[in-house]
*Asks:* 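Starting off with a structure, shown below.
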Amino acid sequence: MASSRLPPGALTLKQFMRRQQVLLLYRKIFRAIRQVPSEADRKYLQDWAREEFKRNKSATEEARHCTVTHTAGWKRRL
């Protein structure tokens, strides 16, 4: 059997694609937060978003999908 040329810690294609989606969502959320007029509200939302992403960092694929889908709907409500 041929050995892989990838380093042991390399992401699979699926993991790489999911990471890109999460980063895109993170950027979109922070761009939307920039539109909030109140400095205090902006700070609160930034802290909330960061904590949510940190809290869900080790979530399973299925849970991440639910989170991403739910959070994407959140942006539409702004």
*Asks:* Does R42 have any salt bridge (Lys or Arg N to Asp or Glu O under 4.0 Å) partners at least two apart in sequence or in another chain, and if so, which?
*Replies:* E39
*Asks:* Looking at CD1 of I33 and NZ of K28, how far apart are the two atoms once the value is rounded to the nearest 0.5 Å?
*Replies:* 14.5 Å
*Asks:* Measure the CD-NZ distance between Q46 and K43 for me, rounded to the nearest 0.5 Å.
*Replies:*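 Those atoms lie 6.5 Å apart.
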*Asks:* Of all residues at least two apart in sequence or in a different chain, which pass the salt bridge (Lys or Arg N to Asp or Glu O under 4.0 Å) check with R31?
*Replies:* none
*Asks:* Taking C-beta and beyond as the side chain, do L25 and Q21 meet within less than 4.5 Å on heavy atoms?
*Replies:* no
*Asks:* Which distance, rounded to the nearest 0.5 Å, do you find between the CZ of R50 and the CD1 of I29?
*Replies:*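 Answer for the CZ-CD1 pair, R50 versus I29, is 12.0 Å.
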*Asks:* Out of curiosity, does M17 fall in the hydrophobic cluster containing L23 (side-chain heavy atoms, cut-off under 4.5 Å, transitive links)?
*Replies:*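 No; tracing contacts between hydrophobic side chains, which count when under 4.5 Å, never links both residues.
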*Asks:* Determine, using the 4.5 Å side-chain heavy-atom cutoff (strictly less than), whether V36 and Y44 are members of one ILVMFWY cluster.
*Replies:* yes
*Asks:* Going by ring-ring contact (aromatic ring centres under 6.0 Å, His included), name the residues that satisfy it together with Y26, two or more places apart in sequence or in a different chain.
*Replies:*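 Counting only residues at least two positions away or on another chain, Y26 forms a ring-ring contact (aromatic ring centres under 6.0 Å, His included) with F30, F53.
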